[in-house]
Amino acid sequence: HSEAIICVFYADLYILPLLVLSYTLHKFGATKNRDMILLVAPKTINNPDHIRILKELGWIIMYVEAMPFLGEVESRFAGGLAKLYALTLT
């Protein structure tokens, strides 16, 4: 497809909101002519069942390397630059 919905996955903790997002995108037809791409940094999905479920829902899993921040950053923001990989998909 020429369009995509891209989401960044930071931790297993966010699996439920991602499932809700998936349901909503499908319900309103947002995925009809679009790929759903999930950017995943290393060590963020620890449960193999989560990967299986996400693939069944139509997500294309793309593993990306963590990009370091310059200086110090709170751990909850450590994967924040992974979204920049979306620019490489154009």
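All values derive from a computational prediction rather than experimental measurement. Along the sequence shown, residues are numbered consecutively beginning with 1.
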Inset, instruction - Could you check if a side-chain atom of I61 sits within less than 4.5 angstrom of a side-chain atom of Y63, using non-hydrogen atoms only? - result: yes
Legend entry - Separation of I15 CD1 from F9 CZ (nearest 0.5 Å): 4.5 Å
Inset, instruction - Return each pair, listed once, that meets salt bridge (charged side-chain N to carboxylate O under 4.0 Å, His left out) where at least one residue sits in residues 10-35; pairs must be two or more places apart or across chains. - result: E3-R34
Legend entry - Inter- and intrachain pairs under side chain to side chain donor-acceptor pair (under 3.5 Å), touching residues 52-61, at least two apart: S22-W59, R52-E56
Legend entry - Distance in Å, L25 CG paired with T31 OG1, rounded so as to fall on 0.5 Å steps: 6.5 Å
Inset, instruction - Specify the closest pair of heavy atoms between M36 and L57, including all atoms of both residues, with the distance to one decimal. - result: CE-O, 3.3 Å
Inset, instruction - Give a yes or no on whether Y23 and L16 share a hydrophobic cluster (residues Ile, Leu, Val, Met, Phe, Trp, Tyr; joining criterion: side-chain heavy atoms under 4.5 Å apart). - result: no
Legend entry - Sub-4.5 Å side-chain heavy-atom contact between I37 and C7: no
Legend entry - Least distance between heavy atoms, A30 atom then I5 atom: O-CD1, 3.7 Å
Legend entry - Counterpart residues, side-chain hydrogen bond (donor to acceptor under 3.5 Å, both in side chains), relative to T44 (two or more places apart): none
Inset, instruction - Examine L54 and V20 and state if one hydrophobic cluster contains both, with Ile, Leu, Val, Met, Phe, Trp and Tyr joined whenever side-chain heavy atoms are less than 4.5 Å apart. - result: no
Inset, instruction - Compare all side-chain heavy atoms of V64 with those of V40 and state whether any distance is below 4.5 angstrom. - result: no
Legend entry - Rounded distance [0.5 Å steps], CD1 in I45 versus CG in L38: 6.0 Å
